[in-house]
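This report concerns only the one structure given below.
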Amino acid sequence: MELIIEEISRGKKLIGRHKFSTANVNIGRAYNNDIILSDPHVCPEHLSLKCEEGVWYIKDLESLNGSVFANKQPLTQWHALASGDIIRLGKTQLRFCLPDHPVGQSIAFSELENAVEYLGRWSMIIAMVALFGLINFALLYLNDPNKEIIYSQLFIGVISVTLGYALWPLLCSLMAFLNKHEPRVGSQLGVSFVIINLFWIVDFIEALLSFNISSQWAWQWLLVLISIALTFSLFWFNFYIAFQQTAKRRIRIAAGLTILIYGGLYLNELSDKPEFNPYPVYNSTVLIPVLSIAPASSSDEFIKQSDDLFSAADKQIEKSKG
């Protein structure tokens, strides 16, 4: 009878799979074994398996560190294997399955997975990185204090900032490669730069509202909540692509990192904020007049509105005295 032997991690993730049609299988570190393990805690001849009358039996060959089942039961003599049994030898775990071992149902591609694959196309990545670069170029150009603009320095600055923002998705790709041998660099870069560009849109909306609205408390909190949601989404997508984990675990990790970042920013803002500021706060937001939501008024209209305001105030004062 055929036997499938899987090498798995402690988190039950598949590392390697072997299928045998022989009646005897030997496992150990020596090169004469059917399965050669590199674990130094495994003996040269560690496990022996044999098939008799359609039943597989396994025995530990008096190894130095022994072998145990997943339920901590030691393997000391010939033991009949059941499909799905897991045995630990040294720091290695092996799962033994028969050909009729049940497998899970096939999973159809979800809309979310299709979206991730679409954002991972190199055309999409180039478009998002180019948009990110243009936005940074415009910001560096507008904030340059020098009268004479050196465009080569601006380009170097844009490239440096872009590479800096690309480090996080590349790190997630490295973790995915180490975890499941599937880096998916394109998907990580595409999703990350889409969300980062959304942050720029939020910043533009904040500047636009600051330019047009004097009362800021309501929309400021709304924009903060949007920024928190975008940060959570960034981590959630990065971990969705990089790791095979449950949805609850992914949500907890993404939420924990988001709370850690914004909690630290909030505490830092509180520590830098003085108890009392006697100086007026000046908002230096500068935007072109076309971005003004309220229509512009002429000088005569402004003077007339001011006179009407003072007249109304005088009438209110006289009314209160009377």
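Numbering starts at 1 and runs along the sequence shown.
- None of Leu119, Ile126, Thr162 except one satisfies the side-chain contact (heavy atoms from CB on, under 4.5 Å) rule with Phe193; the exception is Thr162.
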Report all side-chain donor-acceptor pairs from residues 73-85 shorter than 3.5 Å, counting only partners two or more places apart or in another chain.
unit_1: Ser83; atom_1: OG; unit_2: Leu98; atom_2: N; d: 3.1
unit_1: Ser83; atom_1: OG; unit_2: His101; atom_2: ND1; d: 2.6
unit_1: Asp85; atom_1: OD2; unit_2: Ala82; atom_2: N; d: 2.9

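- Expressed to the nearest 0.5 Å, how far CD1 of Ile15 lies from CG of Leu94 amounts to 9.5 Å.
- Atom CG in Asn24 sits 11.5 Å away from atom CG in Leu3 (nearest 0.5 Å).
- The aromatic rings of Phe239 and Phe235 lie parallel to each other, their planes meeting at an angle below 30°, with 60° marking the opposite boundary.
- Note: Lys91 NZ to Asn65 CG = 10.0 Å, rounded to the nearest 0.5 Å.
- With hydrogens and angles ignored, the 3.5 Å screen pairs a side-chain donor or acceptor of Tyr262 with a backbone N or O of Ser227.
- No side-chain donor-acceptor contact under 3.5 Å links Glu6 to the backbone of Arg17.
- No donor-acceptor pair under 3.5 Å is formed between the side chain of Asn26 and the backbone N or O of Asn32.
- Ser192 and Asn238 are linked by a side-chain donor-acceptor pair at a separation below 3.5 angstrom, with hydrogens and angles left out of the test.
- By the criterion of side-chain heavy atoms lying less than 4.5 angstrom apart, applied directly or through intervening Ile, Leu, Val, Met, Phe, Trp or Tyr residues, Val25 is grouped together with Phe69 in one hydrophobic cluster.
- Phe243 has its side chain out of reach of Ile253: every pair of non-hydrogen atoms, C-beta onward, lies at least 4.5 Å apart.
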Notebook entry, point to check: Can you check side chain to side chain contact (heavy atoms under 4.5 Å, CB included) on Val116 and Arg184, steps first, answer last?
Noted result: CA-CA 10 Å; Val116 170; Arg184 298 183 70 180; 3.5 Å; yes
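- Phe232 and Ile251 make their closest contact through CE1-O, 3.7 Å (heavy atoms, listed as atom of the first residue, atom of the second, distance).
- Nearest heavy atom pair, residue Gln188 against residue Pro183, reads CG-O, 4.2 Å.
- Ion pair Asp300/Lys304 not flagged as a salt bridge, since none of the NZ, NE, NH1 or NH2 atoms sits closer than 4.0 Å to an Asp/Glu carboxylate oxygen.
- Here the CG-CH2 distance, from Leu171 to Trp168, works out to 6.0 Å after rounding to the nearest 0.5 Å.
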Next item on the list: Take Glu182 and Lys13 through the salt bridge (charged side-chain N to carboxylate O under 4.0 Å, His left out) test and state the conclusion after the steps.
Entry: CA-CA 13 Å; Glu182 188 183 8; Lys13 295 176 181 177; over 6 Å; no
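- Across all non-hydrogen atoms, the minimal contact from Trp56 to Ala23 is CZ3-O, 3.7 Å.
- Cluster membership check: Leu131 shares its hydrophobic cluster with Phe199, using side-chain heavy-atom separations under 4.5 Å among Ile, Leu, Val, Met, Phe, Trp and Tyr.
- Of the possible polar contacts, one joining the Asn33 side chain to the Pro44 backbone as a donor-acceptor pair under 3.5 Å is found.
- Contact annotation: the side chain of Phe204 never approaches that of Ile201 to less than 4.5 Å [non-hydrogen atoms, C-beta and beyond].
- For the pair Pro169 and Leu189, the tightest heavy-atom approach, listed with the atom from each and the gap, is CG-CD2, 3.8 Å.
- Note: the hydrophobic cluster containing Tyr165 also contains Trp122 (ILVMFWY, side chain heavy atoms under 4.5 Å, direct or indirect links).
- In this structure, Arg88 and Lys72 have side chains that are in contact, with non-hydrogen atoms separated by less than 4.5 Å.
- Under a hydrophobic-cluster definition in which Ile, Leu, Val, Met, Phe, Trp and Tyr are linked whenever side-chain heavy atoms come within less than 4.5 Å, directly or via other members, Val161 and Ile156 are assigned to different clusters.
- Within the 4.5 Å cutoff, the side chain of Trp236 has no heavy atoms near those of the Leu257 side chain.
- Residues forming a salt bridge (Lys or Arg N to Asp or Glu O under 4.0 Å) with Arg252 (at least two apart in sequence, or on another chain): none.
- Under the 30°/60° scheme for interplanar angles, the aromatic rings of Phe132 and Trp200 are found to be tilted.
- Counting only heavy atoms from C-beta outward, the side chains of Ile135 and Leu139 approach each other to under 4.5 Å.
- Shown here for Asn197 and Met128, the closest heavy-atom pair between the two residues is ND2-O, 3.2 Å.
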Next item on the list: List the steps and the verdict of side chain to side chain contact (heavy atoms under 4.5 Å, CB included) for Phe20 and Leu49.
Entry: CA-CA 11 Å; Phe20 297 94; Leu49 295 97; over 6 Å; no
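- To the nearest 0.5 Å, atoms CZ (Phe155) and CG (Asn136) are separated by 12.5 Å.
- Side-chain heavy atoms closer than 4.5 Å link hydrophobic residues (I, L, V, M, F, W, Y) into clusters, and following such links, even through other members, never connects Leu163 to Val191.
- In this structure, OG in Ser187 is found 13.0 Å from OH in Tyr118, a value given to the nearest 0.5 Å.
- Note on residues 19-32: pairs passing salt bridge (charged side-chain N to carboxylate O under 4.0 Å, His left out), not counting sequence neighbours, are Glu2-Lys19.
- Partner of Ile87 under the side-chain contact (heavy atoms from CB on, under 4.5 Å) criterion, out of Val68, Ile58, Thr92: Ile58 alone.
- With a 4.5 Å cut-off on side-chain heavy atoms, Leu47 and Ser67 count as touching.
- Between Leu37 and His46, the closest side-chain pair of non-hydrogen atoms is not below 4.5 Å.
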